[in-house]
Amino acid sequence: MDAFYASVELLRYPQLRGRPLVIGGSRAATATAAPGASLPQAPAGLRRLRDYAGRGVVTTATYEARGFGVHSAMGLMRAAQLCPDALLLPADFERYRDYSQRFKQVIARYAPQIEDRGIDEVYVDLSAAPGGQEQGGRSLARTIQAAIHEATGLTCSIGVAPNKLIAKMASEFHKPNGIAVVFESDLAAKIWPLACRKIHGIGPKAAARLEQLGIRTVGELARCERDWLQQQFGSRHGEWMYEAAWGWDDRPVVTHSEPVSLSRETTFDRDLHAVYDRSQLRALFTTLCERVARDLQRDGYLARTIGVKLRYDNFQRVTRDHTIAVPTNDAAIIRRTAAQCLRRAPLERRLRLLGVKASGLVPIAAPRPAPADALEPAELPLFEPLSAQ
DNA sequence: TCTGGGGTCCTTTTCCTT
DNA sequence: TCTGAAGGAAAAGGACCC
């Protein structure tokens, strides 16, 4: 199978190129125009990072801002220290979602087998796409890239390779707006010199552990004995690392998947205490439960398991789950069950985050149209109390 | 100076039943 | 009635990703 990985540069603002720009999380959305900012084409509501006070993290940053050490997931207050003159642009996820849809629709015109990987990324099975084999996939990649730009104005980086693992890595080679084709025979030259962290699935923890063991590059990882890696990282993880280093990956492009869980969580503006801020917490908790219920109803699922997540002021996290006999999407039942979970969690410390989660999702069967004679209006119980169901 | 929100998957621990 | 082993399900936590 030849795979193709496309990631669109959703969060780029050509009119701001050359300026340090930080795009912040939802909490940055109260921006006001910065005094002295000379940005005739800039979106309204821009201000300097130094004028920002509050919680939130950097969603993304331009290369100019990165030059100051600012990067994704960094706290905005920390970013403000490093680069106080950077402009802060509130994130607009509604708009990104709209562009995301358009980007995926364009690809679907050329390749029917698409795996959704979030708001700005997809995998495509090239073997199922007409013309996908020409020039090792480069020609189709070029066509799709141009079509995306025409339809959305966005640039897009594409990696083409024998499998998803390598395609993902290849897509990073010529960012932004690049195309990279990697063949199996390119492994040693193009993949092995990369840092292990570039493998999708090796995060900060695994990378640090590898570094401790003196393994920095994918090539060094490939030279390790499989058994030894399994001893160090466990049989499954070690095996996977070994295979990844050799560019082995037989995962198919998955075009459809059911959600496993659905959750809502919120970080408070200030840390709250279960006793002293009881009424505020209670209201937030109810809202979260109602939002989970609404999400379940909107997406057509019932949940078998309800859980809560707490993050304390010291950033420690705990979760508590409870599985119920009858799956539900009812806000009151979700709240009651989540409250039960909450009672089992330590509540002495102040809280910075509260979340409610529904898992063990069961799709609601599509209602079958009832036969005409079953719809005798006179026999339908009107105003049946909901609790009687 | 602290570190969002929404997910997935995996491992380990705990609990229940036989 | 108690004890221990075994196995499965549920719960809890960790790592990772976008």
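Only a predicted model underlies this, so the values are computations on that prediction, with no experimental measurement involved. By convention in this document, chain letters (A, B, ...) are assigned in the order of the sequence lines, proteins followed by strands, and residues within each chain are numbered from 1.
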Inset, instruction - Would you mind checking if A:Glu115 and A:Arg117 are paired as a salt bridge, meaning a charged N to carboxylate O distance below 4.0 Å? - result: yes
Legend entry - N-O pairing of A:Arg55 and A:Asp271 below 4.0 Å: yes
Side chains of [X] and [Y]: donor-acceptor distance under 3.5 Å anywhere?
X        : Y        : value
A:Glu258 : A:Tyr301 : yes
A:Gln340 : A:Arg320 : no
A:Gln105 : A:Arg102 : no
A:Asp330 : A:Thr328 : no
A:Thr323 : A:Thr305 : yes

Inset, instruction - Map A:Gly201 and A:Arg344 onto DNA chain C by nearest heavy atom, then report which one ends up closer to the 5' terminus. - result: A:Arg344
Send over the distance from [X] [atom1] to [N] [atom2], rounded to a whole Å.
X        : N      : atom1 : atom2 : result
A:Arg209 : C:dG14 : CZ    : P     : 17 Å
A:Leu284 : B:dG5  : CG    : C1'   : 15 Å
A:Tyr123 : C:dC17 : OH    : C1'   : 10 Å
A:Leu353 : B:dG4  : CG    : P     : 8 Å

Residue [X], side-chain atoms from C-beta onward, closest of [options]:
X        : options                : answer
A:Lys168 : B:dT1, B:dT8, C:dC18   : C:dC18
A:Thr323 : B:dT3, B:dT8, C:dA11   : C:dA11
A:Gln81  : B:dG4, B:dT1, B:dG5    : B:dT1
A:Ala206 : C:dA12, B:dT8, C:dC16  : C:dC16
A:Arg78  : C:dA12, B:dT1, C:dA11  : B:dT1
A:Ser263 : C:dG13, C:dC18, B:dG7  : B:dG7
A:Glu265 : C:dC18, B:dG5, C:dA11  : B:dG5
A:Lys205 : C:dA15, C:dA11, C:dC17 : C:dA15
A:Val260 : C:dC18, B:dT3, B:dT8   : B:dT8

Legend entry - Ring centres under 6.0 angstrom apart (A:Trp240, A:Trp248): no
Taking 4.0 Å as the cut-off, does a side-chain nitrogen or oxygen of [X] come that near to OP1 or OP2 on [N]?
X        : N      : result
A:His237 : C:dA15 : no
A:Arg197 : C:dC16 : no
A:Arg236 : B:dC10 : yes
A:Arg117 : C:dC17 : no
A:Ser261 : B:dG6  : no
A:Thr266 : B:dG4  : no

Inset, instruction - Could you measure between the two C1' atoms, the one in B:dC16 and the one in C:dT3, and give it in whole Å? - result: 16 Å
Legend entry - Rounded P spacing from B:dT3 to C:dC18 in Å: 23 Å
Inset, instruction - Please figure out whether A:Met74 or A:Arg291 has its closest DNA chain B nucleotide nearer the 5' end. - result: A:Met74
Legend entry - B:dC2 glycosidic torsion: syn (within 90° of 0) vs anti: syn
Legend entry - Strand-adjacent residues in residues 307-319 of chain A, judged by heavy atoms under 4.0 Å from DNA chain B: A:Arg311, A:Phe315
Inset, instruction - Remember a base hit wins even if backbone is also touched, and classify A:Ile199 as base, sugar-phosphate or nothing at under 4.0 Å, heavy atoms. - result: sugar-phosphate
